[in-house]
Amino acid sequence: RDGDLVPALVIGSGYGGAVTALRLTQAGVPTAVVEMGRNWTTPGPDGDVFCDMHNPDGRSFWFRTETDQPLGYFSGGSTNKEIPSAAGVLDSERFAATRVYQGRGVGGGSLVNGGMAVTPKRDYFEEILPSVDADQMYRTFFPRANAALGVNRIDRVWFESADCYRYTRVSRRTAHDAGFDTVFVPNVYDFDYMKREAANQVPRSALATEVIYGNNHGKRTLDKTYLAAAAATGKLSISPLHTVTDVAPTRGGRYAVTMVRIDVDGTTLATKTVTADRVFFAAGSVGTSKLLVAMKAKGRLSDLPDDVGAGWGNNGNVMVGRAGWDLTGALQSCMPSMGIDNWSDSNGPVFAEIAPFPAGTETWINLYLAITKNPHRGTFRFNTTTGQVDLDWQASWTQPSIDAAKRVFDAINAKAGTIYRSDLFGVYKIWGDDFTYHPLGGCVLNEATDNYGRLPGYPGLYVVDGSLVPGSTGVNPFVTITALAERNVEHVIATDIGG
Ligand code: FDA
């Protein structure tokens, strides 16, 4: 409530925020989480909390009148549909030369993502975050994160015959034929539940085109794992549909946090200011970077280091589809289970997730989300004319990612006698290179913050989310973000809070 005093305030309820909320509440610290999106617990008129990909409505996108699907085209036309503008679960935030997809709601990105839970390769982790003790990460914090997230592995015997993974088996065979390795990838989707979906024993979710607009069943999202455990301590409060707009120090050494409360239609209901002893920025790479850059420019937190806003990357994301010869299946699980691992290629490392194309009909399409090692980094800057924060990422900067992915998929196409689809990301456009699912950086660990996420000059301000990771982690990022938050928050509780 307006005027409240709280010991700890967490901005955002994704991976960084959920870890922070659990560990603080377990240490006995009453914690208030402020989340701009909805608390996704109330069913809509159709009885479901979330809509599926084929029938998007106001629950799908964050305040858009038309969907903005990552694969927005098919056979020469747009596949986007008109929708009522509302506080939907998926945001496609537009900057000059890229769109950034993010989850909106209690649970952040966990509500909309593919659930792929990948621990990064150790030598690459050591390369990107040299100030972090890798022994400790791989011994303690990665296992802790995987356990708390509820990561599980697919039954490989079932996988080999499941209709819903035919698309993955086809892509595996063409990759192997061209000399590439593949690896199974763990997931937070409950694979036992999926088996029962396939056997028609339970309501379908991953097998019913549910993923980017949320899953009604089967997925261990953060509201069911970390945040549920935090709530069980009795020390957690969550304020959904509250957007933090301002953070500034008070005379008493605390922080005044201003937020706007909206309803689902976007009408402003109230503006409140709360005072907090400590504030944890967990608004995601884009949200945290934008907020901190704006606060520095507006003089609220003017002593923040110049590195705040720098070092943003898209995890080398680029998507591509191939037109194959093999049936990939009308029924496809929306949870990926395998990747093509060509990371050891020194000419251009690639880890390519074998992605579903759940059209509900046979398409012969093989789809991939390639994660590459892209050297370019963007910077967030405050625009005094518009009062907004811009990101200077350039369209041409995705070229190294395309080049690396092309080496893999050209070889696969050559061996299989297949071609690229050029109708999925535009008209005659092969590469899905103008968006990312994996924003990282903007407030990099040990550069913009100290080695544990503390913001220099402002005791009690911390960064705990994906903005700490310097633009790339070589695999799908949420396990990295979760484990790093576990490490940093444990240290902060022990040294700053005395827990
Ligand atoms: P995250 O974005 O999770 O949370 C930030 C939260 O803060 C959000 O809930 C947001 O609404 C809130 N917020 C922002 N600004 C705010 C403000 N001013 N006030 C209040 N609240 C605010 N990763 C992976 O490892 N495996 C996968 O399979 C996938 N797949 C995937 C698919 C799709 C479609 C997307 C969009 C993303 C993925 N990802 C993924 C990426 C993964 O979801 C992402 O890396 C993490 O969610 C990032 O975690 P953070 O804690 O950094 O922020």
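Just follow the structure's listing: the first ligand is 1, and inside any ligand the first atom is 1.
G105 counts as a contact of ligand 1, since one of its heavy atoms falls under 4.0 Å from the ligand. Between M259 and ligand 1 there is no heavy-atom distance shorter than 4.0 Å.
Nearest protein neighbour of atom 41 (C) of ligand 1, counting heavy atoms only, is Y437 O, 3.4 Å. Nearest non-hydrogen protein atom to atom 19 (N) of ligand 1 is V244 N, 2.9 Å. Of the protein's non-hydrogen atoms, F478 N, 2.8 Å is the one closest to atom 25 (O) of ligand 1. Among protein heavy atoms, atom 46 (C) of ligand 1 sits closest to Y15 CD1, 3.6 Å. Scanning all protein heavy atoms for the shortest distance to atom 12 (C) of ligand 1 gives E35 OE1, 3.4 Å. Taking atom 26 (N) of ligand 1 as the reference point, the nearest protein heavy-atom neighbour is M116 O, 2.8 Å.
Geometrically, ligand 1 and L291 share no nitrogen or oxygen pair separated by less than 3.5 Å. On a distance-only criterion, A117 and ligand 1 share no N/O pair closer than 3.5 Å. For a threshold of 3.5 Å applied to N or O pairs, the pair formed by G287 and ligand 1 contains no separation below that value. Taking any N or O of G115, backbone or side chain, at least one lies under 3.5 Å from an N or O belonging to ligand 1. For ligand 1, the polar-atom distance check finds no N/O of G107 at less than 3.5 Å from any of the ligand's N/O atoms. Considering backbone and side-chain N/O atoms, N113 comes within less than 3.5 Å of an N/O atom of ligand 1. Distances between N or O atoms of I481 and those of ligand 1 include no value under 3.5 Å. In terms of polar-atom proximity, G114 is counted as a contact of ligand 1, with an N or O under 3.5 Å from an N or O of the ligand. Any N or O atom pair closer than 3.5 Å counts here, and G16 shares at least one such pair with ligand 1.
Taking D192 as the reference, D190, K195 meet the side-chain contact (heavy atoms from CB on, under 4.5 Å) condition, with sequence neighbours excluded. Residues passing the ring-ring contact (aromatic ring centres under 6.0 Å, His included) test with F125 are Y138, F142, sequence neighbours excluded.
R254 is not listed as a side-chain neighbour of R278, based on a closest heavy-atom distance of 4.5 Å or more.
Aromatic ring centroids of F425 and W431 lie 6.0 Å or more apart. Ring centroids of Y124 and W343 are separated by less than 6.0 Å, placing the two rings close together.
Side chains of T473 and T480: a donor-acceptor N/O pair is present below 3.5 angstrom, by distance only.
Closer than 4.0 Å to atom 44 (C) of ligand 1 lies none of the heavy atoms of the protein.
Among Y213, Y101, F435, the residue whose heavy atom lies nearest to atom 36 (C) of ligand 1 is Y101. With distances taken over non-hydrogen atoms, the option nearest atom 10 (C) of ligand 1 out of H438, K290, R104 is R104.
At a 4.0 Å heavy-atom cut-off, ligand 1 touches I212 through the side chain alone. Neither the backbone nor the side chain of L440 has a heavy atom within less than 4.0 Å of ligand 1.
E93 has a carboxylate O that lies under 4.0 Å from a charged side-chain N of K290, or vice versa, which qualifies the two as a salt bridge.
Within the listing of ligand 1, atoms 8 (C), 9 (O), 10 (C), 11 (O) sit less than 4.0 angstrom from a heavy atom of G103.
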